[in-house]
Amino acid sequence: MLHAEFHDPRLVTVYDAECPWSREDDFFLSVVNETPGSQVLDLGCGTGRLTLGIAAAGHAVTGVDPARASLDAACAKPGAGRVVWVEGTSSNLPDASFGVAVMTSHVAQFFVKDDEWARTLADLRRSLLPGGRLFFDTRDPRDRRWEQWNPVGSRRRITLPDSGVVTAWTEVTAVRDGAVSFTHHYTFPDGQELLSTATLRFRAEADIRSSLHNAGFRIEHIYGGWNREPAGAGDGELLVIARA
């Protein structure tokens with residue numbers, strides 16, 4: 001299944017167990033907190049880890065995601081009543097409604113084709129108030145992170161809430177024109193194996209800059225790591241802060 005971690009309820013539980021609150025969330029919450037009192041959009045909110053953290057910090061937040069199973073998991077968590085949850089995509093966003101928009105957990109890389117990326121940026125620009133800010137992360141292709149996605153380097157054990165352990169590993173199936181396709185393998189304690197396929201786009205910093213410029217954004221910063229290192233240094237990331 002394509003992106004099964006977000007659509008298959010059993011794998012949604014695995015995803016939540018594998019992805020607890022982290023320094024990445026600390027980074028995004030810190031930049032959201034730089035704009036107090038704003039309406040915040042979390043596009044591609046998934047199971048709501050950061051969305052709920054933003055709401056707990058006192059912000060009014062809307063979480064938007066196309067995956068019903070992920071939203072169901074988010075809505076079942078403590079504090080979910082503070083958030084407006086929307087099943088949909090960027091095309092469903094209202095005009096001029098948010099002071100801050102975030103896309104985290106490399107959601108930006110899900111938009112593989114240039115035209116869908118351009119449409120998403122245009123939708124985000126439309127949904128932001130004048131001077132509103134956009135934050136997102138995308139892996140820097142210079143880091144070649146996909147080379148670590150192999151049966152040995154990616155093998156891991158994930159402990160579930162019921163104490164069961166899932167064994168997982170990843171294999172890359174294609175690398176072409178900045179797009180990396182791969183399959184996640186998940187083996188459950190009962191022996192069942194579930195697969196999740198995906199393709200992510202690794203855009204160069206210059207491409208990120210030009211696409212934001214074309215969408216009407218002004219770039220404030222692009223960092224290379226979670227401690228705000230320069231692009232090309234740090235953690236192999238491109239952490240983008242832009243203003244409408």
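Given the structure is predicted, the values throughout are model-derived calculations rather than measurements. Quick note: residue numbers are just sequence positions, from 1.
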Exercise. Passes side chain to side chain donor-acceptor pair (under 3.5 Å), T47 versus D16? Steps please.
Worked result: CA-CA 7 Å; T47 59; D16 253 0; 2.5 Å; yes
Exercise. When you look at F6 and Y15, which way does the ring pair (Phe, Tyr, Trp, His ring centres under 6.0 Å) test go after all the steps?
Worked result: CA-CA 8 Å; F6 310 113; Y15 173 83; 5.1 Å; yes
For this session: Show the numbers, then the answer: is there a ring pair (Phe, Tyr, Trp, His ring centres under 6.0 Å) between W117 and F136?
Result: CA-CA 13 Å; W117 175 236; F136 65 89; 5.6 Å; yes
For this session: List the steps, then state whether side chain to side chain contact (heavy atoms under 4.5 Å, CB included) holds for V180 with W149.
Result: CA-CA 10 Å; V180 178; W149 301 345; 4.2 Å; yes
For this session: I would like to know whether E237 and H106 meet side chain to side chain donor-acceptor pair (under 3.5 Å); could you show each step before the answer?
Result: CA-CA 10 Å; E237 302 283 347; H106 306 107; 2.8 Å; yes
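Ring geometry for H221 versus Y223: interplanar angle under 30°, hence parallel rather than tilted (30 to 60°).
The minimum heavy-atom distance between L71 and E87, with the atom names listed, is CD1-CA, 3.5 Å. Smallest separation of non-hydrogen atoms from L239 and G225: CD1-O, 3.2 Å. For the pair T120 and S90, the tightest heavy-atom approach, listed with the atom from each and the gap, is CA-OG, 3.8 Å. Taking all atoms of both residues into account, the shortest heavy-atom contact from G234 to E229 is CA-CD, 3.8 Å. Heavy-atom minimum distance, L41 versus S127: CD2-OG, 4.1 Å. Considering all non-hydrogen atoms of both residues, A17 and L160 come closest at CB-CD2, 4.2 Å.
Distance check, rounded to the nearest 0.5 Å: CG of D137 to CD of Q109 gives 8.0 Å. Taken from OG in S211 to CZ in F111, the straight-line distance is 12.0 Å, to the nearest 0.5 Å. Taking CD1 of I54 as the start and OG of S38 as the end, the distance is 11.5 Å to the nearest 0.5 Å. In this structure, CZ in R218 is found 9.5 Å from CZ in R133, a value given to the nearest 0.5 Å. With values rounded to the nearest 0.5 angstrom, T173 atom OG1 is found 7.0 Å from E171 atom CD. Rounding to the nearest 0.5 Å places CZ of F110 at 11.0 Å from OG1 of T138.
Side-chain contact between D72 and C75: absent, with no pair of heavy atoms (C-beta onward) separated by less than 4.5 Å. Taking the side chain as every heavy atom from C-beta outward, L134 and L212 approach each other to under 4.5 Å. The shortest side-chain heavy-atom distance between V31 and I241 falls under the 4.5 Å cut-off. For the pair L43/L124, a side-chain contact is recorded, criterion being any heavy-atom separation below 4.5 Å from C-beta on. A heavy-atom distance below 4.5 Å is not found between the side chains of L50 and L52. For the pair S196 and T183, the minimum side-chain heavy-atom distance is 4.5 Å or more. Side-chain atoms of C19 and R49, non-hydrogen and from C-beta on, do get closer than 4.5 Å to each other.
Distance alone, capped at 3.5 Å, places no donor-acceptor pair between the R10 side chain and the E5 backbone. Listed for the S154 side chain is a donor-acceptor partner under 3.5 Å among the backbone atoms of T170. Without hydrogens or angle criteria, R243 side chain to G132 main chain gives no donor-acceptor distance under 3.5 Å. Side chain of N214 to main chain of S210: a donor-acceptor pair is present (N/O by atom type, distance under 3.5 Å, no hydrogens or angles).
Salt-bridge formation is not detected for the pair R145/D140: no Lys NZ or Arg NE/NH1/NH2 atom is positioned less than 4.0 Å from an Asp or Glu carboxylate oxygen. At a threshold of 4.0 Å, the pair E147-R144 counts as salt-bridged, since one of the basic side-chain nitrogens sits closer than that to a carboxylate oxygen. Between D143 and R139 no salt bridge is recorded (no basic side-chain N to carboxylate O distance below 4.0 Å). Using a 4.0 Å cut-off between a side-chain N of Lys or Arg and a carboxylate O of Asp or Glu, D26 and R23 do not qualify as a salt bridge.
Just one residue in the list T167, L195, L11 forms a side-chain contact (heavy atoms from CB on, under 4.5 Å) with Y186, and that residue is L11.
Applying the ring pair (Phe, Tyr, Trp, His ring centres under 6.0 Å) definition to pairs two or more places apart or across chains, those involving residues 188-219 are W146-F202.
Enclosure of atom CG in D177 is not indicated, since only 12 or fewer non-hydrogen atoms of other residues, nucleotides or ligands lie within 6.0 angstrom.
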